Each structure stands twice: as C-alpha cells, then as structure tokens.
Amino acid sequence: MHDLSSYNEALTKGLKQAIKVKEPKGLYGPAAYILELGGKRLRPVLTLMTAEFFDATIDEAMNAALAVELFHNFSLIHDDIMDDAPLRRGKVTVHEKWDLNTGILSGDAMLILAYQLFEGYEPAMFLQLAKLFSKTALEVCEGQQYDVDFETRDDVTIPEYIKMIDFKTAVLIGAAMKMGAIVANASEDCKENIYEFGRNLGIAFQLQDDYLDAFGDPETFGKQVGGDIIVNKKTFLYLTALEGCSVSEKEKLTSLFSQSPEDPTEKIKVVKELFLSTGAAQASIKEMEKYTAKANSLLDKINISEDKKEAFRGFGDWLMKRKV
C-alpha cells in the first residue's frame, strides 16, 4: 500500500501526459491551469487506493483515476461559471482568467479526454467503466440542476437537499472507488459496498464543504467564504436554521435570502449569526458525523483485510478534519 503523497505524485505525472498544452493553446491551456491548481485529488486517490486494496496495481488503475480527475475538474470549471465564482482553490477561476467561452469549451474538451482514457482497457472492463462513468456524469448534471432549481424555490426540504448533494458530489466519490474495484476485478458485492462507502463519505464531505463555505478560513478553505450565502443557496445550514427559527428570525432569514446586495458583508454576518443561534451549525456537524459513521459501517461487508479497512476509515477521518 502506498501513502497519499505517492499517489499524488503518480497522478501529477499522469495528468501532465493526459493534458498537454498544445495547439490551440486557448483550449488546452485553461485545462492545464485548473489541474495545476492542485487540491487533494481525493477522487482519483480513492480510485488508486481501492484498486490496490483489491490487488490491482497503480498503473492498471491510472487511466480510470485520471478520467475521474478530468471529469471532476471539467465540472468545477462549469460550476464556477454558473456560480460566477471568482476563486477556485485560492486562485482566479478559469472564466475570470480567460472568459466564459473559453471556460465552456475547455471544460467540454476535458470531458471528452476523460472518456478517451477508458479506451486503454479491454472491452469488457471498458464497458463497465464507461457505463458507470456515463451514469455518474448524468447524475452529477441532475444534481447541479437541482441545485440551480433550489435557488428560486422557497419550499425545499432537507431530504431534497440531501438528494441534491448525493447526486452533485457523492456519486462521483462512490464511482471513483467502484472504478478501482472494477479495474481489480473485485466481486460484485465488493464493488457495490465500496461504492456505497464512497457515496456516504461523499455526502459527509459535501455537508462539511457547505459548513466551511460559511465558517471556513479563506486561507485554508481556498474558496470565497460566504459564497453560498451571497447566491442564496438552500444548504443544510439554511434549511435547518429555518426549522429552528422564531417567526421574526424566519422573516429576517428569508428576507436576506431574497436579496443580492452589492456589498454582501453585512448579509453574510447576520446569516452566520442565525446559523449559530438556531443550532443549525451544530446540527450540520452532527449530520456529517452520521454519514461518516454510515460509510464506515459498510466496510464490515467488504472482503478485504482489517488493516485495509482501517486505512479507508483513516482516509475518511483525514478528509473530515479540514480546517475551519
């Protein structure tokens, strides 16, 4: 078993081969730029780790891992356009550094390159990987649309929100792990259980991401803090705060979430105070812990050694200890 840094080193080399800045540079340059911004690369790391734990090699799983990372970054470029986000991983977003059209086209190219990476696998494995990838990519788009729809709805429920983050974020983490199991020719039960492990961990991860959007440190979080509040996203924090509000607090919160002030500083401050006073912030932490525990319980059903299960639990613990 490799450590996380060695997985990342292997992925960095692979990504340089997958995205070469060639002509037209206006297409490939922005794609290389977002990949160079780094990040934890947790999805492709999970693909490599899972493949190794089911007795495949890093080299055998590399193309699948790279496909996952290219798709993830394609979705980030387009998400940032839709959110009009100025920062990604603490740096200027692609559409701000170049322009909207460049962001759209470069993202499209990354999606196509991701699919091409599966061509290196033999036909039966290619079919499994491509089917899972297509299903997951469509679910991610569905999740993004739910997210957009929620911005103009005032009747979003917490179960609807959980479904949205499941599709938008969690299914790709589950798929990343299942791809590693596919490459390693694991049993069907193992494939499904490792998928569900990743999916539940992904829900916990997104709940944490939403929490950090409000309460994170911009120096360590890497994105604009308060971004979800600025664009009136109906996150778990917001929906839970509504449930815990008094009548006057509810009026204040819903009123703030109908506004888009030029200077959002005061709006962010008041909303965060409501998230804390209503217990929504604490409830969000408890919800993260619930899904993390659910993910860990699935490891008992997977036929790998106890030390490998402990490594997966450790990865989840590490993932959920980002600085606020």
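Just so we're clear, the structure is a prediction, and the values are computed from it rather than from any experiment.
Under the 3.5 Å distance criterion, the side-chain polar atoms of Lys234 are matched with a main-chain donor or acceptor of Phe150. Remark: the backbone N or O of Asp84 is not paired with any side-chain donor or acceptor of His95 at under 3.5 angstrom. Put simply, the side chain of Thr93 gets close to the backbone of Ala85: a donor and an acceptor are under 3.5 Å apart. At least one donor-acceptor pair under 3.5 Å links the side chain of Ser75 to the backbone N or O of His72. Using a distance-only test at 3.5 Å, with no hydrogens or angles considered, a donor-acceptor pair links the side chain of Glu249 to the main chain of Ser246. Side-chain atoms of Thr152 come within 3.5 Å of backbone N or O of Asp149 as a donor-acceptor pair. Thr47 contributes no side-chain N or O that, together with a main-chain N or O of Gly180, makes up a donor-acceptor pair within less than 3.5 Å. No donor-acceptor pair under 3.5 Å is formed between the side chain of Asn200 and the backbone N or O of Lys294. Judged purely by atom type and a 3.5 angstrom limit, Asp147 has no side-chain atom pairing as donor or acceptor with the backbone of Gly143. Using modelled atom types, one side-chain atom of Asn73 and one backbone atom of Glu69 make a donor-acceptor pair closer than 3.5 Å.
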- Task: Decide side chain to side chain contact (heavy atoms under 4.5 Å, CB included) for Lys250 and Val247; before the verdict, give the C-alpha distance in whole Å, the side-chain angles of both, and the deciding distance to 0.1 Å.
- Result: CA-CA 5 Å; Lys250 185 173 183 178; Val247 173; 5.8 Å; no
- Item | Residues Lys25, Glu23; criterion side chain to side chain contact (heavy atoms under 4.5 Å, CB included); working and verdict | CA-CA 5 Å; Lys25 292 181 180 178; Glu23 295 297 337; 3.5 Å; yes
- Message: Between Asp307 and Ser305, does the side-chain hydrogen bond (donor to acceptor under 3.5 Å, both in side chains) criterion hold? Intermediate values first, please.
- Response: CA-CA 5 Å; Asp307 65 319; Ser305 65; 2.2 Å; yes
- Evaluate the criterion salt bridge (charged side-chain N to carboxylate O under 4.0 Å, His left out) for residue pair Glu160 and Lys163; output intermediate values, then yes/no. CA-CA 5 Å; Glu160 284 180 312; Lys163 180 180 179 181; over 6 Å; no
- Task: Report the C-alpha distance between Glu9 and Lys13 in whole Å, list the side-chain angles of each, state the deciding distance to 0.1 Å, and finish with yes or no for salt bridge (charged side-chain N to carboxylate O under 4.0 Å, His left out).
- Result: CA-CA 6 Å; Glu9 287 172 14; Lys13 291 177 183 176; 5.9 Å; no
- Message: Evaluate Tyr195 against Val171 for side chain to side chain contact (heavy atoms under 4.5 Å, CB included), listing each step before the verdict.
- Response: CA-CA 8 Å; Tyr195 174 78; Val171 294; 3.8 Å; yes
- Could you go step by step and tell me if Asp83 and Val231 meet the side chain to side chain contact (heavy atoms under 4.5 Å, CB included) rule? CA-CA 8 Å; Asp83 293 343; Val231 298; 5.6 Å; no
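The one candidate from Leu111, Asp79, Ile34 that meets the side-chain contact (heavy atoms from CB on, under 4.5 Å) condition with Phe74 is Leu111. Each of Leu274, Thr254, Val271 was scored for a side-chain contact (heavy atoms from CB on, under 4.5 Å) with Tyr238, with one residue passing: Thr254.
Smallest separation of non-hydrogen atoms from Ala32 and Val21: CB-CG2, 3.6 Å. Between Leu11 and Pro44, the closest heavy-atom pair is CD2-CB, 3.6 Å. Annotation for Ile58 and Ala10: closest pair CG2-CB, 4.4 Å, computed over non-hydrogen atoms. Between Leu239 and Val156, the shortest heavy-atom distance links the atoms CD2-O, 3.4 Å. Nearest approach of Leu27 to Ser106, heavy atoms of both residues: O-OG, 2.9 Å.
Under the 4.5 Å side-chain heavy-atom criterion for ILVMFWY residues, a single connected hydrophobic cluster contains both Trp98 and Val92. Trp318 and Leu48 fall within a single hydrophobic cluster, where Ile, Leu, Val, Met, Phe, Trp and Tyr are joined by side-chain heavy atoms under 4.5 Å apart, directly or via other members. When the side chains of ILVMFWY residues are joined at heavy-atom separations under 4.5 Å, either directly or via intervening members, Phe275 and Ile285 end up in a single hydrophobic cluster.
Using a 4.5 Å cut-off on side-chain heavy atoms (C-beta onward), Phe236 and Gln206 make no contact. Proximity of Leu42 to Phe205: side-chain heavy atoms (C-beta onward) are separated by under 4.5 Å at one or more points. Using a 4.5 Å cut-off on side-chain heavy atoms (C-beta onward), Ile173 and Arg199 make no contact. With contacts defined as side-chain heavy-atom distances shorter than 4.5 Å, the pair Glu289/Thr292 does not qualify. In this structure, the side chains of Val94 and Asp80 stay at 4.5 Å or more apart for every pair of heavy atoms. Looking at heavy atoms from C-beta onward, Arg313 lies in side-chain contact with Lys309 at the 4.5 angstrom threshold. At a threshold of 4.5 Å between non-hydrogen side-chain atoms, the residues Leu253 and Cys245 count as touching. Phe215 has its side chain within reach of Lys272: a pair of non-hydrogen atoms, C-beta onward, lies under 4.5 Å apart.
For the atom pair CG (Asn296) and CG (Leu201), the distance works out to 7.5 Å, reported to the nearest 0.5 Å. In this structure, the separation between CG on Leu76 and CD1 on Ile81 is 11.5 Å, given to the nearest 0.5 Å.
For the pair Lys267 and Phe257, the distance from NZ or CZ to the six-membered ring centre is under 6.0 Å and the angle to the ring normal is within 45 degrees.
Annotation: Phe312 is in aromatic contact with Phe53 [ring centroid separation under 6.0 Å].
Cluster partners of Val148, by chain and number: Met82. The rule joins Ile, Leu, Val, Met, Phe, Trp and Tyr whenever side-chain heavy atoms lie under 4.5 Å apart.
Remark: Asp300 CG is packed, more than 12 non-hydrogen atoms of other residues, nucleotides or ligands lying under 6.0 Å away.
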Can you give each donor-acceptor pair under 3.5 Å made by side-chain atoms of residues 118-132, sequence neighbours left out, with the distance rounded to 0.1 Å?
from   : atom 1 : to     : atom 2 : distance (Å)
Tyr121 : OH     : Glu60  : O      : 2.8
Tyr121 : OH     : Ala64  : N      : 3.0
Glu122 : OE1    : Ala124 : N      : 3.1
Glu122 : OE2    : Met125 : N      : 3.2
Gln128 : OE1    : Lys191 : NZ     : 2.9

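Between the side chains of Ser255 and Gln259, at least one donor-acceptor pair of N or O atoms lies under 3.5 Å. Defined by atom type and a distance below 3.5 Å, a donor-acceptor pair is present between the side-chain atoms of Thr102 and Asp99. Between the side chains of Thr265 and Asp263, at least one donor N or O sits under 3.5 Å from an acceptor N or O. Side-chain N/O atoms of Tyr115 and Ser134 include a donor and acceptor closer than 3.5 Å.
Residues in residues 172-187 take part in these side-chain hydrogen bond (donor to acceptor under 3.5 Å, both in side chains) pairs, two or more places apart or across chains: Lys178-Glu192.
Ring-plane geometry between Tyr146 and Phe167 is classed as tilted, the angle between the planes lying from 30 to 60 degrees on a 0 to 90 degree scale.
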